Amino acid sequence: MHRSVLRKILRISLAGLVTGFMLPGPTLAADPEVLKPRVPADQIDEARSWVNPFPASQENIEKGKAIFHGKGFCVTCHARDGRGLHDIEGLVGKLPRNFTDKSWQAARADGELLWILKNGSEGTAMAKFVPTVFSEEEAWHVILYVRSFGK
Ligand code: HEC
C-alpha cells in the first residue's frame, strides 16, 4: 500500500519534471510563482498564527531530519540537500520546493508550512502527511529541519 502510493506520487512528480523541462521560460533565479501563498486566502491568517512549540535545538532538528529521510520520505522529492529534484535555473511549474531559496523561506510563516503538511498543495505532487503519515508534533520537527536549509 505504502509502496504503491509512493510509486504513484513519484510518477506524478516525474511527469511534472518532464513538463517543466519542456516549458520555455526566462532564466530567473527567483521564481515569483514559488512565492505566492499556497494556503487559501480565507485560512491564511489563522495558519500564520500557528507557532512552532519546539525550539530549534540541534536535538529537535535531528528528529526532523530522521523523519525527512525516514517515514516522511521528503528526501525522494526535496533531495538530500533540500534543493528539490530540479537544480536548473528558470524551471517553472509545480516542482518540489527548493528549501535553500532564502526568499521563499522569508515569504513563509511556520504555520503555513504546517498547513501544507496537513492539507497538501492542491494540484501538485505535494501530498498531506498529517495525521496519516506522522503526527502534528512530528510535523513541527520536520519544519525545524526544513528551516535549517535556509540558514
Ligand atoms: C512526491 C514528491 C514530494 C514529496 C514526497 C514531498 N514533497 Fe513537498 N513538495 C512537492 C512539490 C511538487 C511541492 C511544490 C508544491 C507547490 O508548488 O505548491 C512541494 C512543496 C513543499 C513545501 C512548500 C509549500 C509552500 O508553501 O511553498 C513544503 C514546506 C514541503 N513541500 C515539505 C515537504 C515535507 C516536509 C515532506 C516530507 C514529509 C515533503 N514535502 C514531501 C513534492 C513533494
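All ligand and atom numbering here is 1-based and tracks the order in the structure. By convention here, the first residue in the shown sequence is residue 1. Quantities reported herein were computed from a predicted structural model and do not represent experimental measurements.
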Query raised in the report: Among the heavy atoms of Glu112, does any lie under 4.0 Å from an atom of ligand 1?
Result: no
Query raised in the report: In terms of atom number and element, which parts of ligand 1 are under 4.0 angstrom from non-hydrogen atoms of Thr124?
Result: 15 (C), 16 (C), 18 (O)
Report summary line: Under 4.0 Å from one or more heavy atoms of Arg108, ligand 1 contributes atoms 25 (C), 26 (O), 27 (O)
Query raised in the report: Any salt bridge (charged side-chain N to carboxylate O under 4.0 Å, His left out) pairs touching residues 45-54, not counting sequence neighbours?
Result: Arg48-Glu112
Query - Non-neighbouring partners of Phe134 that pass ring-ring contact (aromatic ring centres under 6.0 Å, His included), sequence neighbours left out - result: Phe129
Query raised in the report: Closer than 2.8 Å to atom 8 (Fe) of ligand 1, do we get an N, O or S atom from His78, backbone or side chain?
Result: yes
Report task. Provide the number and element of each atom of ligand 1 under 4.0 Å from a heavy atom of Ser121. Result -> 15 (C), 16 (C), 18 (O)
Query raised in the report: Can Val133 be said to touch ligand 1, with heavy atoms closer than 4.0 Å?
Result: no
Report task. Output the list of atoms in ligand 1 that are nearer than 4.0 Å to some heavy atom of Phe134, sorted by atom number. Result -> 38 (C)
Query - Under 4.0 Å to a heavy atom of Leu117 - the qualifying atoms of ligand 1, by number - result: 34 (C), 35 (C)
Requested in this report: Look at ligand 1 and say whether Phe99 reaches it with a heavy atom at a distance under 4.0 Å.
Outcome: yes
Report task. Of the side chain and backbone of Phe73, name the one, both, or neither that has a heavy atom under 4.0 Å from an atom of ligand 1. Result -> both
Query raised in the report: Between Ile143 and Leu114, what is the shortest heavy-atom contact and its length?
Result: CD1-N, 3.5 Å
Report task. Just let me know how Ile143 lines up against ligand 1, side chain, backbone, both or neither, with a heavy-atom cut-off below 4.0 Å. Result -> neither
Query raised in the report: Under 4.0 Å from ligand 1, counting heavy atoms only, is it the side chain of Cys74, its backbone, both or neither?
Result: both
Query raised in the report: Can you check side-chain contact (heavy atoms from CB on, under 4.5 Å) on Trp140 and Asp110, steps first, answer last?
Result: CA-CA 9 Å; Trp140 282 124; Asp110 283 346; 3.9 Å; yes
Report summary line: Candidates Cys77, Gly64, Pro96; heavy atom nearest atom 2 (C) of ligand 1 found on Cys77
Query raised in the report: Is it the side chain, the backbone, both or neither of Ile67 that has a heavy atom closer than 4.0 Å to ligand 1?
Result: neither
